[in-house]
Number of protein chains: 2
Amino acid sequence: MKLAKLSLHERIRRQLEARIMSGALQPGARIPVEQQLMQEFGCSRMTVSKALSALAAAGLIERRKRAGSFVSRPRVHSMLLHIPDLEAETKASGGRYEFRLLKRQVLPPARQSKLEMELADGGPLLAVTGVHVVNGQPLALEQRQVSLKAVPAVADVDFTVTSPGTWLLQHIPWTEAETRLSAAAADRRVAALLGVPAGSACLVVERRTWRRAKGITSVRQTFEGRSYDMVARFRPSDSRAR
Amino acid sequence: MKLAKLSLHERIRRQLEARIMSGALQPGARIPVEQQLMQEFGCSRMTVSKALSALAAAGLIERRKRAGSFVSRPRVHSMLLHIPDLEAETKASGGRYEFRLLKRQVLPPARQSKLEMELADGGPLLAVTGVHVVNGQPLALEQRQVSLKAVPAVADVDFTVTSPGTWLLQHIPWTEAETRLSAAAADRRVAALLGVPAGSACLVVERRTWRRAKGITSVRQTFEGRSYDMVARFRPSDSRAR
DNA sequence: CAGTGGTCTAGACCACTGA
DNA sequence: CAGTGGTCTAGACCACTGA
């Protein structure tokens with residue numbers, strides 16, 4: 001490990017983290033108070049405080065006035081989920097990526113769909129349907145709608161060259177996103193497009209993205225169940241790792 | 001919003017964040033240098049630095065020596081995924097929760113399974129199978145293995161009272177977890193246990209948890225596709241929210 | 001009410017790196 | 001090589017809250 005070049009607050013942070021990970025400091029245990037740590041590491045209070053703040057921000061400890069700082073009891077209620085950017089990942093690993101464009105239409109939003117009406121915000125929607133093809137194999141069906149009012153520039157993009165997701169990611173800063181994961185059986189059409197038997201279990205990823213309160217895009221991606229896994233890894237220090 | 005009681009570094013952070021969100025500061029744009037911000041907010045460099053460090057930790061800006069700080073170009077490659085603790089969530093919302101224990105055995109790991117051999121680490125495994133039942137409805141099938149070498153205390157726990165996941169979460173500090181999401185068709189047995197037609201699309205959550213390098217538990221949870229969604233939300237500032 | 005953490009200052013020296 | 005961020009100090013005042 002890089003030991004020599006680490007800053008002092010980083011070394012203090014790591015040493016406390018190591019004590020917590022090793023079990024020397026059990027959940028609920030009290031962390032030495034700032035004055036003790038100042039003496040132990042021979043540094044100022046600001047430096048100790050920076051290390052403790054980082055641990056608190058990572059959820060490893062909890063700080064309470066008058067009482068002190070304590071090792072958190074772990075609560076695995078959330079994890080960092082890696083959302084695949086199929087195009088970027090395929091190319092990064094040297095594979096062939098292709099977005100097979102099936103349909104592209106400018107439409108008014110469906111009046112009965114609250115989601116579409118919100119997304120459109122009084123303007124038209126660009127509806128794009130296509131298949132993500134990796135190394136010649138269809139991997140996922142994508143059904144996307146983009147608000148032309150929010151993103152007029154999308155009207156001129158050639159989606160046979162770049163997938164809509166990759167283009168949007170690179171051009172439109174988002175501020176909020178919501179992803180929903182579920183499972184669904186492939187209907188006849190989806191099955192044919194993905195080259196799987198009808199009724200196959202598929203992983204469905206639905207994502208909506210906003211910029212401030214304005215909707216940008218809404219997408220539904222359907223993966224054949226066995227062809228793609230989404231993996232989330234978590235280590236306590238990851239929440240701070242850059 | 002709470003405006004009066006906010007600390008100065010927090011106000012600086014929020015104001016810069018607001019400029020970024022509003023588009024006044026576009027991705028790639030240069031953030032005023034620390035000296036400018038010191039003048040603008042009439043504060044010391046440490047206070048400005050704290051605000052900028054927080055923005056950098058949240059991924060909103062990138063700091064480069066000599067060059068300055070710049071608004072990041074968004075990369076939505078990971079999101080915080082909320083993993084349900086069915087027991088805690090059900091009880092929190094006033095529902096009835098029950099873990100219907102189907103099987104409980106102490107077994108040696110299967111020699112042909114690398115995963116089981118690693119988890120067992122030379123000791124036996126506790127295998128637990130049960131169904132999460134919420135308000136009388138079966139919601140998920142859980143198939144779990146726990147390393148008795150790593151967690152001897154688990155041998156004495158009554159899993160008709162507490163679900164294994166909830167017990168482990170409260171008693172064994174983990175340091176690393178990996179979650180895999182996929183879709184699979186319900187076989188006859190799973191379908192019967194969940195009360196759905198055979199072949200139904202199910203969302204499968206597989207999670208392995210470690211304490212340091214030692215495996216603690218490995219679990220596979222099968223949800224009927226329409227009965228449970230997993231939702232991940234992301235806002236840039238969330239990575240710092242407590 | 002005393003001990004704890006939260007914040008802030010005014011300064012300092014340094015490391016990095018692009019003009 | 002000068003401008004920028006990274007780190008650190010020694011102190012200060014304050015807010016909170018449990019013994």
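Every chain is numbered from 1, with letters handed out A, B, ... down the list of sequences. Note that the structure is a prediction, hence the values are computed from the model and not measured.
The interatomic distance linking B:M38 (CE) with D:dG5 (C1') rounds to 13 Å, in whole Å. The distance between atom CG of B:L55 and atom P of D:dG5, rounded to the nearest whole Å, is 13 Å. A:L37 has its CG atom 13 Å from the P atom of C:dG6, to the nearest Å. Put simply, CD1 on A:I61 is 15 Å from P on C:dT4, counting in whole angstrom units. Look at CD on A:E34: it is 14 Å from C1' on D:dC16, rounded to the nearest Å. Regarding B:Q35, its CD atom lies at a distance of 12 Å from the P atom of C:dG11, rounded to whole Å. Whole-Å rounding puts the A:L52 CG to C:dT7 P distance at 13 Å. When rounded to the nearest whole Å, the span between CD of B:Q36 and C1' of D:dG3 equals 12 Å.
Positionally, the nearest nucleotide of DNA chain D for A:K50 lies more toward the 5' end than for the other of A:R66 and A:K50. Position along DNA chain D of the nearest nucleotide to B:R64 versus A:H9 favours B:R64 as the more 5'-ward residue.
For the pair A:V154 and A:T217, the minimum side-chain heavy-atom distance is 4.5 Å or more. Contact annotation: the side chain of B:E17 approaches that of B:L55 to within less than 4.5 Å [non-hydrogen atoms, C-beta and beyond]. Proximity of B:E34 to B:S69: side-chain heavy atoms (C-beta onward) are nowhere separated by under 4.5 Å.
The side chain of A:A67 lies closest to D:dG18 when the candidates are D:dG5, D:dT9, D:dG18. Of the candidates C:dG18, C:dA10, D:dG11, C:dA10 carries the atom nearest the B:M46 side chain, counting heavy atoms from C-beta on. Distance from the side chain of B:K65 is smallest for D:dG5 among the nucleotides D:dT9, D:dG5, C:dT4. The side chain of A:T47 lies closest to D:dC8 when the candidates are D:dT4, C:dG6, D:dC8. Listed nucleotides: D:dC8, D:dG18, D:dG5. Nearest to the side chain of A:S7: D:dC8.
In this structure, B:M46 CE and B:S49 OG are separated by 6.0 Å, a value rounded to the nearest 0.5 Å.
In terms of polar N and O atoms assigned as donor or acceptor, the side chain of B:R45 never comes within less than 3.5 Å of the base of C:dG11 in a complementary pairing.
The partner of D:dC16 is C:dG3, judged by Watson-Crick or G-U wobble contacts that both fall below 3.5 Å.
Using a 4.0 Å heavy-atom cutoff across all strands shown, A:L8 reaches sugar-phosphate atoms only and no base atom.
A sub-4.0 Å separation between OP1 or OP2 of C:dG6 and a side-chain N or O of A:S49 is absent.
Residue A:Q39 qualifies as open at atom CD: its count of foreign heavy atoms under 6.0 Å is 12 or below.
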